[in-house]
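Data first, discussion second: the structure below is written as structure tokens.
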Number of protein chains: 2
Amino acid sequence: MASVARIVAMTIQTRRERERAERERLIVTAARDLAEAEGWDAVTTRRLAAEIEYSQPVLYSHFKGKDAIMAAVAVRGCEELTVELRASAAAAEGARERLAAVGRAYTGFGRRRPALYDVMFTHRVDLPFATPEAPPALQEAFGELLSAVEPLAAEGEDPALLTETYWAGLHGLVTLMRSGRLPEQAHDRRLALLIGRFAPRATAR
Amino acid sequence: MASVARIVAMTIQTRRERERAERERLIVTAARDLAEAEGWDAVTTRRLAAEIEYSQPVLYSHFKGKDAIMAAVAVRGCEELTVELRASAAAAEGARERLAAVGRAYTGFGRRRPALYDVMFTHRVDLPFATPEAPPALQEAFGELLSAVEPLAAEGEDPALLTETYWAGLHGLVTLMRSGRLPEQAHDRRLALLIGRFAPRATAR
DNA sequence: CAGTGTTCCTAGCGCTGCTAGCGAGGAGAG
DNA sequence: CTCTCCTCGCTAGCAGCGCTAGGAACACTG
């Protein structure tokens, strides 16, 4: 009897936990969608609460604060980015073309999903980044870049550092363009120049 | 008599305008200093008003809003950046060394004055950038980069676009590092890699 | 069915950027 | 020198922000 009761309690418990987890996903999805539709300024705790049809304090039973919600959105964004990078790399042949493909995919992601990109790579958000405790999704995304850059590293060059440098170039292009500092229309040519610097034709042929 | 009165009135007018202009400079300086000391979050209109020893609404008689104040700080920042870039370029010899010098100066500026850098190149601020109406200070800063990059452009490459691409690389390094996405300690090596891509040794020698 | 514990909502705090409207004080006219 | 006017900067307040305390209502336990 006692054991049965315990089992029942456990299943009720698990159902509750499942519902909680589902609601948490709902919060993150709502925050992301709202941000992508109207920008992060429109994502207020009140607005978000209305969106999920709960009251404000519920948010704080899932996340420490608004920043934590944004961090969760960022992690989900990394997963999406990884998928896109992987797909583009898989479809490309040759080292130079692989580098170009991930570059296009990366900047395309940043331009197509500006709000998501911002929370991942621009906004201050308390996520561990350049450490072993970084979210796996983030490490995978970096890994995709790494495997595209690595074959193009010259002798004596650290592939990881070279990848970070290439990443910085892509990131700079995306952010400067999106904030109006660089004109949109020449993006492809700038990207081609960047790629050319990291994969000289001599190396590819 | 009438003319004398008019002249007196004019000098009074000019004195007032001078005082107003001085107060405007005071506001911008206070905003910049406060931001550099405690970050932009600490720069509230109340705090800023207290700093300049006037009441809040005075700020709005000079600037349309907080964003306009930040834009003014950004313009002043561009002037400072131009000075530093120019000095570093002048002290360097050879195309490759010039490129490296401005790269070091640029990233050094970003690391040394993070709040100022953010308002210039990261925060959304309604300044015309990539247009002829851009602030002269901004165009000069870009010009400094341009004259360092131009000699290194290959045949058929647009020097302006190449400069924008180099700028993006520097900007990416600064922002990713400052937001914790890239570890600080390897900055010099990443910068060296970037410079190496834009000024191959073969070109310099 | 009563007791118990959790869950979620209402209400409110201190702060933000920004603005309306008043009162003091100097400028100009006679 | 006095009176009028007008400019200037202040006090006070609005709506909205992130976040939290405390009580009501619900579901489960025995």
Side-chain angles (χ1 to χ4, degrees), chain A residues 1-24 26-27 31 34-35 38-73 123-126, chain B residues 1-24 26-27 30-31 34-35 38-73 119 123-126:
Chain A
M1 277 302 189
S3 65
V4 169
R6 206 176 304 129
I7 287 168
V8 170
M10 241 178 69
T11 56
I12 287 174
Q13 194 72 7
T14 53
R15 189 208 66 205
R16 286 202 175 161
E17 281 172 12
R18 195 176 58 239
E19 286 172 352
R20 254 191 83 83
E22 206 157 323
R23 195 172 59 182
E24 193 158 310
L26 182 64
I27 292 172
L34 189 52
E38 305 184 33
W40 281 105
D41 284 349
V43 183
T44 69
T45 56
R46 278 165 239 266
R47 183 80 186 276
L48 192 51
E51 212 75 35
I52 63 169
E53 297 178 306
Y54 281 96
S55 69
Q56 253 183 310
V58 167
L59 301 175
Y60 293 88
S61 74
H62 286 275
F63 299 96
K64 193 181 147 199
K66 191 188 171 181
D67 286 354
I69 297 176
M70 293 170 78
V73 172
H123 283 300
R124 292 214 153 272
V125 80
D126 50 354
Chain B
M1 275 302 191
S3 66
V4 169
R6 207 177 303 130
I7 287 168
V8 171
M10 241 179 66
T11 55
I12 287 175
Q13 195 73 5
T14 53
R15 189 209 65 205
R16 287 205 175 162
E17 282 172 11
R18 195 175 60 239
E19 285 172 354
R20 253 191 83 82
E22 205 157 324
R23 196 172 59 180
E24 195 158 309
L26 182 64
I27 292 172
L34 189 52
E38 305 183 32
W40 281 106
D41 284 351
V43 184
T44 70
T45 55
R46 277 164 239 269
R47 183 79 187 278
L48 191 51
E51 211 75 33
I52 62 168
E53 296 178 307
Y54 280 96
S55 70
Q56 253 183 312
V58 167
L59 300 174
Y60 293 87
S61 74
H62 287 274
F63 299 96
K64 193 181 145 200
K66 191 188 171 181
D67 286 354
I69 297 176
M70 293 170 78
V73 172
V119 82
H123 283 302
R124 290 215 155 272
V125 81
D126 49 355

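Everything numeric here is computed off the predicted structure, so don't read it as measured data. Residue numbers begin at 1 in each chain, while the letters A, B, ... track the order of the sequences.
Closest approach of Lys66(B) to Val43(B), counting heavy atoms only: NZ-O, 2.9 Å. Of all the heavy atoms in Ala49(A) and Ser55(A), the pair that sits closest is CB-C, 3.7 Å. In terms of heavy-atom proximity, Ala31(B) sits nearest to Ile69(B) at CB-CG2, 3.8 Å.
DNA chain C lies under 4.0 Å from at least one heavy atom of each of the following residues of residues 38-49 of chain A: Arg46(A). Of all the residues in residues 51-60 of chain A, Gln56(A), Pro57(A), Tyr60(A) reach under 4.0 Å from DNA chain D with at least one non-hydrogen atom. Within residues 62-72 of chain B, no residue has any heavy atom under 4.0 Å from DNA chain D.
For Glu51(A), there are no side-chain hydrogen bond (donor to acceptor under 3.5 Å, both in side chains) partners, not counting sequence neighbours. Arg124(B) pairs by the side-chain hydrogen bond (donor to acceptor under 3.5 Å, both in side chains) definition with nothing, not counting sequence neighbours. Arg46(A) meets the side-chain hydrogen bond (donor to acceptor under 3.5 Å, both in side chains) test with no other residue; sequence neighbours excluded. When the salt bridge (charged side-chain N to carboxylate O under 4.0 Å, His left out) test is applied to Glu53(B), no partner is found at least two apart in sequence or on another chain. Scanning for side chain to side chain contact (heavy atoms under 4.5 Å, CB included) contacts around Ala21(A) gives an empty result, with sequence neighbours left out.
Rounding to the nearest 0.5 Å places CD1 of Ile52(B) at 4.0 Å from CD1 of Ile27(B).
For dT6(C), the OP1/OP2 oxygens have no side-chain nitrogen or oxygen of Arg20(A) closer than 4.0 Å.
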N/O donor-acceptor pairs under 3.5 Å from side chains in residues 56-64 of chain A, not counting sequence neighbours:
unit_1   : atom_1 : unit_2   : atom_2 : d
Gln56(A) : NE2    : Thr45(A) : OG1    : 2.7
Ser61(A) : OG     : Val58(A) : O      : 2.7
His62(A) : ND1    : Glu24(A) : OE1    : 3.0
His62(A) : NE2    : Arg23(A) : NE     : 2.9
His62(A) : NE2    : Arg23(A) : NH2    : 3.0

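At whole-Å resolution of the value, CD in Glu19(A) and P in dA27(D) are 12 Å apart.
In DNA chain C, consecutive stretches of 3 or more Watson-Crick or G-U wobble pairs with both distances under 3.5 Å are given as paired ranges: C:1-30 with D:1-30.
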